[in-house]
Amino acid sequence: MDIGSLVVFLLIGAVAGWLAGIIMKGFGFGLIGNIVVGIVGAFIAGLVLPRVGIVIGGGIPGSIIHATIGAVILLFIIGLVKRA
């Protein structure tokens, strides 16, 4: 992985985490928090969405949408665990 790919990877994670924070709570989690939430969300979406039959287009916009959906799922589960 070259430096350009790493920057795009981190940028997609940051944008996805920020969007998920806005959707679920109304604010972001800081730069590092957004990156972590976005990357973990992308991993979760990679596991869950194909099993449900949801396919999202490619490219950077598709990656952001994919990671954002996974990050929203992650934040929803964290919210459920915090209430319990």
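Keep in mind the model is a prediction, meaning the values are calculated, not measured. FYI, side chains are in, hydrogens and waters are out, and symmetry mates aren't considered; it's all heavy atoms of this structure.
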Which side-chain N or O atoms in residues 51-69 pair as donor and acceptor under 3.5 Å with protein atoms at least two apart or in another chain?
from : atom 1 : to  : atom 2 : distance (Å)
R51  : NE     : L47 : O      : 3.4
S63  : OG     : G59 : O      : 2.9
H66  : NE2    : G46 : N      : 3.3
T68  : OG1    : I64 : O      : 2.6

*Verify side chain to side chain contact (heavy atoms under 4.5 Å, CB included) between W18 and L31, making sure each step is shown before the conclusion.*
CA-CA 8 Å; W18 175 73; L31 181 63; over 6 Å; no
_What's the separation between atom CD1 in I23 and atom CG in L19, rounded to the nearest 0.5 Å?_
6.0 Å
*Would you say the side chain of F29 lies within less than 4.5 Å of the side chain of L75, judging by non-hydrogen atoms?*
yes
_Considering all heavy atoms, the nearest P50-A45 contact_ = CD-O, 3.5 Å
*Partners passing side chain to side chain contact (heavy atoms under 4.5 Å, CB included) against L74 (at least two apart in sequence or in another chain)*: V37, V40, I44, I78
